[in-house]
Amino acid sequence: QVQLVESGGGLVQAGDSLRLSCAASGRTFGIYGMGWFRQAPGKERESVARITWRGGFTTYADSVKGRFTISTDNAKNTVYLQMTNLKPEDTAVYYCAAKDRATVNYDYWGQGTQVTVSS
């Protein structure tokens, strides 16, 4: 079993920066990759960024390319999402998720952290 805890959300102004953290615990050896997702009221959940544990290969949604950076600290079992030049449309609850190596599914999710960007 894997447990994920997000932190770092808050209220910021457009153009500001924010860094989200996701600490993984439990059977972390079974994690293949991590992802950040977000969901705004009335909208479906969308993928923001993804990364593999070993190779560090990353993918981003077009809406955040050049502004967001996903990274890992494998020794600390932690994933980060560095967010710069935030826009009001980035406002959402951000979730960390772990892709299980055996099932190849995002089986584990954090509780979410609110990011609000004011104009």
Side-chain angles (χ1 to χ4, degrees):
Q1 188 73 1
V2 174
Q3 296 80 43
L4 304 175
V5 179
E6 305 102 329
S7 61
L11 174 63
V12 298
Q13 295 182 342
D16 285 353
S17 298
L18 203 61
R19 188 178 75 161
L20 306 182
S21 299
C22 175
S25 61
R27 301 174 69 84
T28 57
F29 63 87
I31 299 175
Y32 174 78
M34 302 291 295
W36 285 99
F37 299 78
R38 67 186 182 187
Q39 186 168 22
K43 300 186 67 176
E44 293 295 315
R45 182 188 64 195
E46 64 174 341
S47 174
V48 176
R50 302 171 184 237
I51 189 169
T52 61
W53 272 120
R54 296 189 180 185
F57 301 107
T58 60
T59 58
Y60 297 91
D62 288 341
S63 60
V64 306
K65 285 182 178 178
R67 299 190 299 120
F68 291 8
T69 302
I70 187 171
S71 62
T72 63
D73 185 333
N74 294 325
K76 297 181 179 180
N77 293 125
T78 300
V79 177
Y80 305 96
L81 185 66
Q82 180 65 50
M83 312 162 72
T84 64
N85 192 25
L86 283 162
K87 304 176 180 180
E89 52 262 43
D90 294 319
T91 296
V93 177
Y94 284 71
Y95 297 92
C96 176
K99 178 178 287 187
D100 185 79
R101 188 169 61 186
T103 66
V104 201
N105 296 137
Y106 283 103
D107 290 331
Y108 310 102
W109 294 80
Q111 82 286 354
T113 184
Q114 175 70 229
V115 173
T116 302
V117 184
S118 65
S119 60

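Atom set for the values below is all heavy atoms of this structure, side chains included, hydrogens, waters and symmetry mates excluded. Treat the numbers as computed from the prediction; the structure is a model and nothing was measured. Residue indices begin at 1 and follow the sequence shown.
R38 CZ to R45 CZ: the interatomic distance, rounded to the nearest 0.5 Å, is 13.5 Å. Here the straight-line distance linking atom CD1 of I31 with atom CZ of R101 works out to 10.0 Å at 0.5 Å rounding. A distance of 5.0 Å separates CD of Q13 from OG of S118, quoted to the nearest 0.5 Å. Taking SG of C96 as the start and OH of Y106 as the end, the distance is 9.5 Å to the nearest 0.5 Å. Separating the OH atom in Y94 from the CE atom in M83 is a distance of 3.5 Å, to the nearest 0.5 Å. To the nearest 0.5 Å, the span separating NZ on K99 from CZ on R50 amounts to 6.0 Å.
Considering every non-hydrogen atom in both W53 and G33, the closest pair reads CD1-N, 3.9 Å. When all heavy atoms of Q39 and K43 are compared, the pair lying nearest together is NE2-O, 3.1 Å. Nearest heavy atom pair, residue A40 against residue A92, reads N-CB, 3.9 Å. P88 and A14 make their closest contact through CD-CB, 4.2 Å (heavy atoms, listed as atom of the first residue, atom of the second, distance).
Using a 4.5 Å cut-off between side-chain heavy atoms of Ile, Leu, Val, Met, Phe, Trp and Tyr, with links allowed through other members, V48 and Y108 fall into the same hydrophobic cluster. Linking ILVMFWY residues whenever their side-chain heavy atoms come closer than 4.5 Å, directly or via other members, places V12 and L20 in the same cluster.
Results of the side-chain contact (heavy atoms from CB on, under 4.5 Å) test with M34 over T52, L4, L81 single out L4 as the only residue that passes. Of the listed residues (N77, I51, T78), just one forms a side-chain contact (heavy atoms from CB on, under 4.5 Å) with T72, and that residue is I51. Applying the side-chain contact (heavy atoms from CB on, under 4.5 Å) test between V115 and each of L11, V93, T91, L18 identifies L18 as the sole match.
For the residue pair T84 / Q82, no side-chain donor-acceptor distance below 3.5 Å is found, with atom types taken as modelled.
Side-chain N or O atoms of Q111 include none that pairs as donor or acceptor with a backbone N or O of V5 at under 3.5 Å. Y60 places a side-chain N or O within 3.5 Å of a backbone atom of I70 that can act as its donor or acceptor partner. Using modelled atom types, no side-chain atom of N105 and backbone atom of D107 make a donor-acceptor pair closer than 3.5 Å.
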- Message: Working note: K65 + D62, criterion salt bridge (charged side-chain N to carboxylate O under 4.0 Å, His left out); need CA distance, chi angles, decisive distance, verdict.
- Response: CA-CA 5 Å; K65 285 182 178 178; D62 288 341; 3.2 Å; yes
If you apply the rule side chain to side chain contact (heavy atoms under 4.5 Å, CB included), what do you find for D73 with Y80, and how did you get there? CA-CA 8 Å; D73 185 333; Y80 305 96; 4.0 Å; yes
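Contact of the F68 side chain with the L86 side chain is registered, since non-hydrogen atoms from C-beta on lie closer than 4.5 Å. Taking 4.5 Å as the limit, some side-chain heavy atom of V79 sits within range of a side-chain heavy atom of W36.
Classified by interplanar angle (parallel below 30°, tilted 30° to 60°, perpendicular above 60°), the ring pair F37/W109 is tilted.
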